[in-house]
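Scroll down for the structure; my scribbles are underneath it.
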Amino acid sequence: MRPNVLFWAAGFLIFQNIYIFFVSRDSDAVTMCCCLFLALLIGFSSEETELSAVDRIFSVFLHFAILYECVQIILYFAVGRLPALGYDTGVLTDVRFGGPWDAPNEFALLLAFLLPYAALKYKGWRRALYVAVLSIMLILSWSLTGIATILLIAVVVGLKELFLRSKNALHTLTACVAGLCALGAFGLVLYFNSSAIHDFVASKMGSIQGHLDGWDLSGLSVWNLLGLYPDMEFSEVGLIVLLRRGGVLQVLLFYGLGIYCAARAGRLAKLHRGDAVRRRLYTAMQWYLVAFLIASFNLPMMVSFSNLGIFCVFAAITARAPCPASAVSERAGEGSAETAPV
């Protein structure tokens, strides 16, 4: 069943975007086709995917990203060199650091993978150090969507772990709600009493309004919603981009594929809990897939080759990995193996 889900969803999306390209000559349709075709190549390749090799690649990239960001920060404070999307206004929040991507929103989304990956790869003080450094990088992107998305996933995962380990779910729920209310109240006090935070929010209102305007569906016809006539009006909202160009069916296929692969990644992480390599990779992949889908409610992530390409690769890796449902509870907690083919 698993290859069929990838084959039918990706195959139909490719066919649909070929049609969109011939009707509108839209370059983003070509990007979608290339990324989905890559997913099909990986998903149906006869070669095994050595996750140990994938792990080494991301380990190198993790350190490269940190080094790159450090160089950018040093250059800014030492000689005033701005990153690609930085503005010399004298306000730090207008200097947005985007890591190797040099694109703050896109790199913030990638941190949804790197944060859980580093947290599971390292232990003790090294874990605390890497998570702290990556969190600072996330903040310095000043991407409200990226920060909110990762915080949301972290809170949901944390609450899930609390409930699984708690002997009294009602007490746990009460404590969590009380804690969130206290945190919210503290945030409101800070907002109304801190001019810096107030100015930051005010500076973002134009961008926020632009994203809210992206939900405008006026002018869409039944033919647009059916995907028979692409509407090429650009939107700041990824979900609406899919809807305008490919109709309801494209939204259902894309989100259906993402949700299926994210759920599968979670099961694979649980199945291979005793395998350090696979556990951290599948967990981080799940965070990224979910973050991509959530962020697309506010950002057009699927028109970014760097992010859509990673999304499709992760979807293919998780879709092709064997994951018998009956084995999840039986094999969780088994011994570790460093060489992890899929």
Side-chain angles (χ1 to χ4, degrees), residues 50-87 91-154 157-158 265 269 276-292 294-295 299 301 304-311 313-314 317 338 340:
E50 287 288 344
L51 288 188
S52 54
V54 176
D55 182 65
R56 288 193 295 271
I57 291 172
F58 276 108
S59 180
V60 171
F61 179 79
L62 170 65
H63 293 90
F64 170 72
I66 292 174
L67 177 62
Y68 190 101
E69 186 89 337
C70 289
V71 170
Q72 277 198 323
I73 294 172
I74 291 171
L75 288 175
Y76 170 69
F77 284 105
V79 298
R81 180 191 179 277
L82 291 168
L85 292 181
Y87 300 93
V91 180
L92 183 59
T93 55
D94 289 333
V95 184
R96 305 181 65 190
F97 295 94
W101 273 206
D102 240 355
N105 289 325
E106 288 79 355
F107 184 66
L109 183 64
L110 184 61
L111 288 171
F113 175 90
L114 294 178
L115 272 165
Y117 173 80
L120 292 174
K121 183 176 178 65
Y122 301 104
K123 299 183 183 301
W125 67 268
R126 297 179 69 192
R127 171 187 292 173
L129 176 62
Y130 277 96
V131 170
V133 169
L134 292 172
S135 298
I136 292 172
M137 292 166 65
L138 176 63
I139 293 171
L140 290 178
S141 72
W142 303 113
S143 171
L144 295 183
T145 301
I147 294 171
T149 298
I150 293 175
L151 282 177
L152 176 62
I153 297 173
V157 171
V277 173
R278 281 187 279 201
R279 183 192 174 203
R280 62 175 170 259
L281 283 175
Y282 286 132
T283 300
M285 287 180 188
Q286 183 188 37
W287 276 54
Y288 183 87
L289 291 170
V290 172
F292 187 100
I294 294 175
L299 292 172
M301 303 311 306
S304 167
F305 174 78
S306 55
N307 289 108
L308 179 62
I310 295 175
F311 176 90
V313 169
F314 288 172
I317 291 175
E338 284 302 315

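Numbering of residues begins at 1 and proceeds along the displayed sequence.
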Does Arg278 pair with Asp55 as a salt bridge, N-O distance under 4.0 Å? no
Which residues pass the side-chain contact (heavy atoms from CB on, under 4.5 Å) test with Val60, not counting sequence neighbours? none
The reported gap from CG in Leu75 to SG in Cys70 (rounded to nearest 0.5 angstrom) is 11.0 Å
Given the rule in the side-chain contact (heavy atoms from CB on, under 4.5 Å) test, do Tyr282 and Leu51 qualify, once you have shown the distances and angles that lead to the verdict? CA-CA 10 Å; Tyr282 286 132; Leu51 288 188; 3.4 Å; yes
If I compare all heavy atoms of Tyr68 with all of Pro100, which pair ends up nearest, and what's the gap? CD2-N, 3.6 Å
Sequence neighbours excluded, which residues qualify as ring pair (Phe, Tyr, Trp, His ring centres under 6.0 Å) partners of Phe113? Phe58, Tyr117, Phe314
Between Gly98 and Gln72, which heavy-atom pair has the shortest distance, and what is it? N-OE1, 4.1 Å
Nearest 0.5 angstrom please: Ile57 CD1 to Glu50 CD, how far? 11.5 Å
Least distance between heavy atoms, Ala118 atom then Leu62 atom: CB-CD2, 4.2 Å
So, for Ser306 and Ile310, which heavy atoms are closest and what is the spacing to 0.1 Å? O-CG1, 3.2 Å
What is the minimum heavy-atom distance between Ala112 and Ala291, and which atoms define it? CB-CB, 3.6 Å
Contacts of Phe61 that satisfy ring pair (Phe, Tyr, Trp, His ring centres under 6.0 Å) - sequence neighbours left out: Trp101
Applying side-chain contact (heavy atoms from CB on, under 4.5 Å) to Ala295 and not counting sequence neighbours gives Leu109, Thr145, Thr149, Met301
Within this structure, what is the CG-CG distance for the pair Leu110 and Leu114, rounded to the nearest 0.5 Å? 4.5 Å
Contacts of Ile73 that satisfy side-chain contact (heavy atoms from CB on, under 4.5 Å) - sequence neighbours left out: Glu69, Phe77, Phe97, Leu140
Distance, nearest 0.5 Å, that separates OG of Ser304 from CZ of Phe292: 7.5 Å
Apply side-chain contact (heavy atoms from CB on, under 4.5 Å) to Ile153 and Ile294, showing your working. CA-CA 10 Å; Ile153 297 173; Ile294 294 175; 4.3 Å; yes
Looking at side-chain heavy atoms only, is the closest gap between Arg96 and Ser141 below 4.5 Å? no
So, using side-chain contact (heavy atoms from CB on, under 4.5 Å) as the criterion, who are the partners of Ile139 when residues are at least two apart? Trp142
Any non-hydrogen side-chain atom of Asn307 less than 4.5 Å from a side-chain atom of Tyr288? yes
Using a 3.5 Å cut-off and no angle test, enumerate the donor-acceptor pairs between side-chain atoms of residues 125-138 and protein atoms at least two apart in sequence or in another chain.
| from | atom 1 | to | atom 2 | distance (Å) |
| --- | --- | --- | --- | --- |
| Arg127 | NE | Ala119 | O | 2.7 |
| Arg127 | NE | Tyr122 | O | 3.0 |
| Arg127 | NH2 | Ala119 | O | 3.3 |
| Arg127 | NH2 | Tyr122 | O | 3.4 |
| Tyr130 | OH | His63 | NE2 | 2.6 |
| Ser135 | OG | Val131 | O | 2.7 |

Measuring from Arg280:CZ to Leu120:CG, what's the distance to the nearest 0.5 Å? 8.0 Å
